[in-house]
Amino acid sequence: MSLAAVWLLVRRFPREDVQSATSGPVDWRGALGLLLTCATFMTLLVQGGTAWPWNSVQSCALLTLFLLLVLATARIERQAVEPFMPGWVWRRRELAIPSLALGLLGVIMTAPLLLLPVYAQAVPGLGPVAGAVVLAGMTFGWPTAAVFSSRLYLRVRFRAAALTGATTVTVAPSATVHLALSHASTVLFIAMSTLLGVGLGLLQPALLVGVQAAVGWGGRGVATANLMFCRETGQSVGAALFGAVFNAAGNDGVAVAVGCTTVCEERVAAGLRYAYLGGVGFAAALVLLLLRMPHMALRSPAKLGQEA
């Protein structure tokens with residue numbers, strides 16, 4: 001697939017003359033600061049609660065180092081001629097809110113990716129392959145809905161399209177909690193997984209294209225990269241958070257042993273419910289956040305060219 005993508009780019013992608021608007025040196029210090037900040041944060045999330053307790057000296061030291069790196073990186077970026085992450089990305093509400101929303105989306109999507117196959121293997125007793133099938137609905141619903149997302153946001157604009165997707169994302173985990181309480185059939189879990197994928201497919205393109213439409217050509221790369229950065233950071237936070245919630249229900253790690261007993265099944269089901277309830281809370285926060293998102297519409301290429 002990768003070789004096919006390279007072939008398509010070489011043979012079919014039109015050649016363009018790109019003129020760089022960069023007037024200063026590459027912000028290597030800012031890039032290094034951001035790298036160290038993210039590495040420290042990821043280490044804290046991955047190792048905290050597993051390699052050492054959250055209230056241990058190691059966790060406190062990493063948290064302190066992370067905060068210091070945030071302050072140092074922010075100072076470097078303010079002084080840079082061409083900052084790696086310019087401040088205007090976060091000062092403009094039409095850019096900051098979608099970035100935070102994609103961060104929440106990254107958190108929400110982690111719970112089903114991490115825990116739903118585990119539940120399918122432990123409680124209904126499906127095999128590893130069949131257990132992974134419960135996520136097939138999500139992987140099918142996401143790209144399918146993304147295809148129709150453009151038709152939606154062109155009709156009702158980006159904010160309404162994003163709210164439609166966020167509402168769907170809120171409904172799906174709420175229904176999944178009910179299914180876990182009633183030990184429903186696997187088909188219903190696949191249906192809710194599909195519904196969640198549909199919501200994600202409607203939400204992400206509306207936020208992505210909405211941000212790209214809100215900036216000139218010269219700022220689209222930075223704005224788009226910031227969105228992806230927030231989503232990946234949210235996924236890392238979600239993995240650590242929902243893994244901790246799942247284990248707090250009495251589960252010894254995410255991997256479930258073969259021949260799970262009745263007590264083990266109850267703990268896995270409880271862990272899934274608690275994690276999904278947390279996902280519902282984040283989804284509700286996502287809806288409230290998007291309500292503060294300004295209305296945005298596609299603008300003419302001429303106007304965007306003037307802003308570049």
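Because the structure is predicted, anything quoted here is derived from the model rather than measured. When reading the values below, keep in mind they use all heavy atoms of this one structure, side chains included, and skip hydrogens, waters and symmetry mates.
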Please confirm whether the backbone N or O of [Y] pairs with a side-chain atom of [X], one donor and one acceptor, at under 3.5 Å?
| X | Y | answer |
| --- | --- | --- |
| Ser149 | Pro205 | no |
| Arg92 | Ala214 | yes |
| Thr176 | Ala172 | yes |
| Arg231 | Leu102 | no |
| Ser59 | Pro53 | yes |
| Arg29 | Ile76 | no |
| Thr73 | Val70 | no |
| Arg273 | Leu179 | no |

* **Leu8 atom CG, over 12 foreign heavy atoms within 6.0 Å** =>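 Correct, the count exceeds 12.
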* Is it true that atom CZ of Phe140 has more than 12 heavy atoms of other residues, nucleotides or ligands lying nearer than 6.0 Å? ->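 Open.
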4.5 Å side-chain heavy-atom contact, [X] and [Y]:
| X | Y | answer |
| --- | --- | --- |
| Phe84 | Val222 | no |
| Phe41 | Ser236 | no |
| Phe242 | Val107 | yes |
| Leu202 | Tyr153 | no |
| Leu195 | Val171 | yes |
| Ile190 | Thr186 | yes |
| Leu34 | Met85 | yes |
| Pro112 | Tyr276 | yes |

Please name the pair of heavy atoms, one in [X] and one in [Y], separated by the smallest distance, quoted to 0.1 Å.
| X | Y | answer |
| --- | --- | --- |
| Leu289 | Ile97 | O-CG2, 3.6 Å |
| Pro117 | Leu135 | CG-CD1, 3.5 Å |
| Leu116 | Ser193 | CD2-CB, 4.3 Å |
| Ser150 | Val147 | OG-O, 3.6 Å |
| Gly199 | Val169 | C-CG2, 3.6 Å |
| Leu115 | Ala275 | CD1-CB, 3.3 Å |

Single-linkage hydrophobic cluster, 4.5 Å side-chain cutoff, [X] and [Y] together:
| X | Y | answer |
| --- | --- | --- |
| Leu208 | Val156 | no |
| Leu196 | Val287 | yes |
| Ile108 | Leu291 | yes |
| Val237 | Phe282 | yes |
| Met138 | Met192 | yes |

Which distance, rounded to the nearest 0.5 Å, do you find between the [atom1] of [X] and the [atom2] of [Y]?
| X | Y | atom1 | atom2 | result |
| --- | --- | --- | --- | --- |
| Leu35 | Trp28 | CG | CH2 | 12.0 Å |
| Leu203 | Leu290 | CG | CG | 6.5 Å |
| Met109 | Gln235 | CE | CD | 4.5 Å |
| Leu286 | Thr170 | CG | OG1 | 6.5 Å |
| Leu207 | Cys230 | CG | SG | 11.0 Å |
| Glu77 | Trp90 | CD | CH2 | 13.0 Å |

* Checking side-chain contact (heavy atoms from CB on, under 4.5 Å) for the pair Leu65/Leu69: CA distance, chi angles, key distance, verdict? -> CA-CA 6 Å; Leu65 179 60; Leu69 286 171; 4.0 Å; yes
* Evaluation steps, ring-ring contact (aromatic ring centres under 6.0 Å, His included), between Tyr119 and Phe189 -> CA-CA 10 Å; Tyr119 175 88; Phe189 280 96; 5.1 Å; yes
* To do: Could you please spell out the steps behind the side-chain contact (heavy atoms from CB on, under 4.5 Å) verdict for Val215 and Trp88?
  => CA-CA 11 Å; Val215 298; Trp88 58 263; 4.0 Å; yes
